[in-house]
Amino acid sequence: MSYILTTLRTKHEVDNIIRDTIDKVLVLRFGRQSDIGCLQLDEIIAKSSQEISKFATVALVDVDCEEIQVYVKYFDITRIPSTVFFFNAHHMKMDSGTPDHTKWVGIFQRKQDFIDVVEAIFRGAMKGKLIVTCPLPPERIPKFQLLFKDL
């Protein structure tokens, strides 16, 4: 399903899509096309793309490309897939009860979960918020532990 979605492989492409996506949520999925979790998430995103097209744009970011490493380090992408959200070039954060509010780590269990999260971010952004509360129940939110290097 990833062949249906736009794949970004250079820093310039990522910069342009962040800057040029206006009045819509920009969903950037960081991952690899060969990863099973990424493929599952790509399928959910592709199936949802028509329903969210009025308020969101989705692009895939290939973490193996050399130029993209700037963003991989900046957003601390250590687990894939990781999904980062923007609105009018502002990084949107989401409180999902996990230690990391800057991105969604893992896959969404259902298509409707993805749509609900993107819609919650859009509604919060339209109200001027930079952080929103996750609309999903805790049992449908992937759990992980943060490991800190060099402490």
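Note that the structure is a prediction, hence the values are computed from the model and not measured.
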Any non-hydrogen side-chain atom of Val61 less than 4.5 Å from a side-chain atom of Tyr71?
no
A side-chain contact here means heavy atoms from C-beta on lying under 4.5 Å apart; do Cys38 and Ile80 qualify?
yes
Under the ring pair (Phe, Tyr, Trp, His ring centres under 6.0 Å) rule, what pairs show up with a residue in residues 96-121, not counting sequence neighbours?
Trp104-Phe108, Phe108-Phe114
What are the two closest non-hydrogen atoms of [X] and [Y], and how far apart are they?
{"X": "Ala125", "Y": "Met92", "result": "CB-CE, 3.7 Å"}
{"X": "Ser53", "Y": "Lys24", "result": "O-NZ, 2.9 Å"}
{"X": "Ile141", "Y": "Leu136", "result": "CD1-O, 3.8 Å"}
{"X": "Val118", "Y": "Ala56", "result": "CG1-CB, 3.5 Å"}
{"X": "Ile131", "Y": "Met94", "result": "CG1-N, 4.2 Å"}
{"X": "Gly37", "Y": "Ile107", "result": "O-CG2, 3.1 Å"}

The criterion is side chain to side chain contact (heavy atoms under 4.5 Å, CB included); which residues satisfy it with [X], sequence neighbours excluded?
{"X": "Leu26", "answer": "Ile17, Ile18, Thr21, Leu28, Thr57, Phe86"}
{"X": "Asp20", "answer": "Asn16"}
{"X": "Thr102", "answer": "His91, Lys93, Asp100"}
{"X": "Ala120", "answer": "Pro135"}

Less than 4.0 angstrom from a charged side-chain N to a carboxylate O is my criterion; do Lys11 and Asp15 meet it?
yes
Pairing of Glu43 and Lys47 as salt bridge, 4.0 angstrom limit:
yes
Can you name the salt bridge (Lys or Arg N to Asp or Glu O under 4.0 Å) partners of [X], sequence neighbours left out?
{"X": "Asp116", "value": "none"}
{"X": "Arg110", "value": "Asp113"}
{"X": "Lys129", "value": "none"}
{"X": "Glu67", "value": "none"}

[X]: side-chain hydrogen bond (donor to acceptor under 3.5 Å, both in side chains) partners, not counting sequence neighbours:
{"X": "Asp64", "value": "Arg32"}
{"X": "Ser49", "value": "none"}
{"X": "Gln109", "value": "none"}

Is a donor on one side and an acceptor on the other found under 3.5 Å between the side chain of Asp95 and the backbone of Thr133?
no
Over 60° means perpendicular and under 30° means parallel, so classify the ring planes of Phe87 and Phe122, tilted if in between.
perpendicular
Other residues, nucleotides and ligands only: do more than 12 of their heavy atoms fall within 6.0 Å of CD on Gln50?
no
State whether the number of non-hydrogen atoms from other residues, nucleotides or ligands found under 6.0 Å of Arg140 atom CZ is greater than 12.
yes
